[in-house]
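Along the sequence shown, residues carry numbers from 1. When reading the values below, keep in mind they use all heavy atoms of this one structure, side chains included, and skip hydrogens, waters and symmetry mates. These figures come from a predicted structure and were not determined experimentally. Both counts, for ligands and for their atoms, begin at 1 and track the order of listing.
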Amino acid sequence: MTDTFGTPSRRGFLGLALGAGAFGLAGAGKAAPRQVKTNANILILGAGAAGAALANRLIERLDGAAITLVDGRREHWYQPGFSLIAAGLKPARYSVSQTTDWLPSDVTLKQDWAANIDPEARKVALAGGEVLSYDYLIVATGLSLDHDAIEGFSLDMVGQDGIGALYAGPDYAAKTWQA
Ligand SMILES: Cc1cc2nc3c(=O)[nH]c(=O)nc-3n(C[C@H](O)[C@H](O)[C@H](O)COP(=O)(O)OP(=O)(O)OC[C@H]3O[C@@H](n4cnc5c(N)ncnc54)[C@H](O)[C@@H]3O)c2cc1C
């Protein structure tokens, strides 16, 4: 059975995404969720834990939507695994997979960085020059780590003289274990 999902409204969209999330938590073992018919053009910036998870939820719930993900990194990092790498329990590659491994085939993945958002025109410019338009935009670009803000520290110190820092990626987590 399908509903229709017509005029773009933020409230309607959030209700749909949250409803899908609630199904995921409460609906294990139950029938597939009802699909909503739509021709919405949905753009997700960031294909990390949040962006990839939401793309999967929306594909499950929407019938006819165009979903595009943008991420400059081709690899997906399972960040909680960094702790196990830094503790010497797993190798650096343990946390690394291909983003495409986690996406349904009908989602489009663009490997580029989002450089500018124009919310009035509903357009996003990518670092490589391409401009993407959208009906709905999800910004899931995570955190920007600012290691330079730590006085006296730089990432090239990691792995020497007992200095460790595991947040910057799997290779730094592995160097932390070496240290
Ligand atoms: C060491 C460590 C241990 C952790 N342990 C746990 C745990 O035990 N349990 C738990 O729940 N959580 C844990 N976390 C936290 C969890 O990993 C994060 O909360 C989660 O990854 C956040 O997801 P996200 O999608 O918001 O960001 P991310 O997963 O960081 O994804 C953001 C994505 O956006 C992309 N991006 C950034 N800028 C742009 C741009 N301009 N254009 C396009 N793409 C862009 C990035 O390349 C990235 O792929 C841990 C994190 C770390 C670092």
Side-chain angles (χ1 to χ4, degrees), residues 13-14 16-18 20-22 24-26 28 41-61 66-104 107-119 121-150 153-159 162-179:
F13 182 73
L14 285 173
L16 182 72
L18 292 172
L25 289 174
N41 178 17
I42 298 168
L43 181 57
I44 304 175
L45 307 182
L54 192 58
N56 278 278
R57 292 248 188 259
L58 291 175
I59 279 287
E60 198 177 60
R61 289 282 275 123
I67 301 180
T68 303
L69 272 152
V70 173
D71 201 310
R73 196 171 60 216
R74 193 183 290 271
E75 292 175 334
H76 180 90
W77 288 355
Y78 171 58
Q79 294 176 30
F82 297 175
S83 310
L84 300 179
I85 297 165
L89 297 171
K90 296 285 182 186
R93 300 307 294 173
Y94 168 72
S95 271
V96 182
S97 56
Q98 297 301 304
T99 299
T100 47
D101 293 347
W102 305 104
L103 301 181
V107 166
T108 302
L109 177 64
K110 299 235 172 219
Q111 198 201 338
D112 203 346
W113 300 104
N116 187 58
I117 300 171
D118 180 346
R122 295 186 187 229
K123 289 185 191 302
V124 171
L126 305 187
E130 191 176 355
V131 177
L132 304 175
S133 44
Y134 64 85
D135 297 320
Y136 298 94
L137 177 68
I138 296 153
V139 181
T141 47
L143 298 178
S144 293
L145 301 177
D146 187 5
H147 290 95
D148 291 340
I150 303 169
F153 174 79
S154 65
L155 278 176
D156 54 16
M157 295 173 166
V158 175
I163 296 175
L166 65 157
Y167 280 78
D171 293 337
Y172 288 100
K175 284 183 180 176
T176 297
W177 168 240
Q178 285 164 25

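- Annotation: atom 8 (O) of ligand 1 to nearest protein heavy atom, Pro80 CB, 4.0 Å.
- Distance check on atom 39 (C) of ligand 1: some protein heavy atom falls below the 4.0 Å cut-off.
- When each atom of ligand 1 is checked for a heavy atom of Ala114 under 4.0 Å away, the hits are 40 (C), 41 (N), 42 (N), 43 (C).
- Contact annotation: for Ala140 versus ligand 1, heavy atoms closer than 4.0 Å belong to the backbone alone.
- Asp71 OD2, 3.4 Å is the protein heavy atom nearest to atom 48 (C) of ligand 1.
- Looking only at protein heavy atoms, the nearest one to atom 25 (O) of ligand 1 is Ala50 N, 2.8 Å.
- Near Val70, the atoms of ligand 1 lying under 4.0 angstrom from a non-hydrogen atom of the residue are 43 (C), 44 (N).
- Close approach of ligand 1 to Ser83 (heavy-atom distance below 4.0 Å) involves ligand atoms 1 (C), 3 (C).
- Listed by number with element, the atoms of ligand 1 under 4.0 Å from a non-hydrogen atom of Leu166 are 1 (C).
- At a threshold of 4.5 Å between non-hydrogen side-chain atoms, the residues Val124 and Leu43 count as touching.
- Looking at heavy atoms from C-beta onward, Leu58 lies in side-chain contact with Ile138 at the 4.5 angstrom threshold.
- Of the protein's non-hydrogen atoms, Trp113 CZ3, 3.7 Å is the one closest to atom 36 (N) of ligand 1.
- The closest protein non-hydrogen atom to atom 23 (O) of ligand 1 is Ala49 CB, 3.5 Å.
- In this structure, Glu75 and Gln98 have side chains that are in contact, with non-hydrogen atoms separated by less than 4.5 Å.
- Between Trp77 and Val96, the closest side-chain pair of non-hydrogen atoms falls below 4.5 Å.
- Neither the backbone nor the side chain of Leu143 has a heavy atom within less than 4.0 Å of ligand 1.
- With sequence neighbours left out, the side-chain hydrogen bond (donor to acceptor under 3.5 Å, both in side chains) criterion links Ser154 to Asp156.
- Summary of contacts: the protein heavy atom closest to atom 28 (P) of ligand 1 is Gln79 NE2, 3.5 Å.
- Residue contacts with ligand 1: Leu45 is excluded, as none of its non-hydrogen atoms falls under 4.0 Å.
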Donor-acceptor contacts under 3.5 Å from residues 78-87 side chains, at least two apart:
unit_1, atom_1, unit_2, atom_2, d
Ser83, OG, Pro80, O, 3.4

